[in-house]
Amino acid sequence: MTNEVLKAIEARRSCRSYEEKQISAEELSAVTNAGTWAPTAKGLQSPKMVVVQDAETVAKLERMNAAVLGKLDAHPFYGAPTGITMFAPKNFLFAAEDCAV
């Protein structure tokens, strides 16, 4: 069976090393647009995305994330120059799942 979604799933790979250059506005728009259309519980599309491309702010977010992981010397963003932080309504049962999708 040929299916574009199945092909995309099969070809997906994790990236653990990023170039220092920022992604283009077109690429960023494609990513955030895809996130906007991702499925959510009750179809609410309630998560909000905040894009950060300032190197100092990305580094601060990475340090905060490493602290949550309990590994202060970790680099969980793998040098990515752009970060997207997801926010969902407080006390919503499926908030984490909605953001993960």
Side-chain angles (χ1 to χ4, degrees):
M1 175 169 85
T2 302
N3 179 302
E4 292 302 315
V5 173
L6 295 177
K7 285 181 186 177
I9 291 169
E10 184 179 323
R12 185 205 66 79
R13 299 291 179 267
S14 294
C15 182
R16 290 189 171 64
S17 179
Y18 295 90
E19 296 178 8
E20 290 183 14
K21 71 176 186 138
Q22 290 291 348
I23 61 174
S24 70
E26 181 181 7
E27 292 166 325
L28 180 58
S29 180
V31 170
T32 56
N33 192 39
T36 299
W37 289 104
T40 59
K42 298 184 181 180
L44 297 175
Q45 308 308 111
S46 55
K48 305 294 183 219
M49 290 176 269
V50 175
V51 176
V52 179
Q53 293 188 303
D54 171 68
E56 187 176 317
T57 305
V58 170
K60 182 176 180 178
L61 289 171
E62 182 176 45
R63 287 190 303 273
M64 292 168 67
N65 189 266
V68 168
L69 294 172
K71 299 178 180 182
L72 297 179
D73 59 343
H75 295 281
F77 292 2
Y78 300 102
T82 298
I84 301 176
T85 302
M86 301 295 298
F87 295 90
K90 187 176 181 178
N91 299 324
F92 181 60
L93 180 61
F94 299 107
E97 291 83 352
D98 283 355
C99 288
V101 173

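Here E27 pairs with S24 under the side chain to side chain donor-acceptor pair (under 3.5 Å) rule; sequence neighbours left out. Looking at residues two or more places apart in sequence or on another chain, you find no side chain to side chain donor-acceptor pair (under 3.5 Å) involving N65. Residues passing the side chain to side chain contact (heavy atoms under 4.5 Å, CB included) test with R12 are S14, sequence neighbours excluded. E4 pairs by the salt bridge (charged side-chain N to carboxylate O under 4.0 Å, His left out) definition with K7, not counting sequence neighbours. With sequence neighbours excluded, no residue forms a side chain to side chain donor-acceptor pair (under 3.5 Å) with R13. Listed by chain and number, the residues in a side chain to side chain donor-acceptor pair (under 3.5 Å) with S17 amount to none (sequence neighbours excluded).
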Table please: side-chain donor-acceptor pairs of residues 28-43 below 3.5 Å, with sequence neighbours left out.
residue, atom, partner, partner atom, Å
T32, OG1, L28, O, 3.1
T32, OG1, S29, O, 3.2
N33, OD1, W37, NE1, 3.3
T36, OG1, T32, O, 2.9
T40, OG1, L44, N, 3.2
T40, OG1, Q45, N, 2.8
T40, OG1, Q45, OE1, 3.0

Which atom pairs, one a donor and one an acceptor, fall under 3.5 Å between side chains of residues 82-93 and the rest of the protein, sequence neighbours left out?
residue, atom, partner, partner atom, Å
T82, OG1, Q22, OE1, 2.4
T82, OG1, Q53, NE2, 3.0

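What you find for S46 and D98 is that their closest heavy atoms are OG-OD2, 4.2 Å.
If you chain together hydrophobic residues whose side chains sit under 4.5 Å apart, V50 and F77 fall into the same group.
Heavy atoms from other residues, nucleotides or ligands lying under 6.0 Å from CE of M49 number more than 12.
Counting side-chain heavy-atom gaps under 4.5 Å among Ile, Leu, Val, Met, Phe, Trp and Tyr, the cluster of Y78 also holds Y18.
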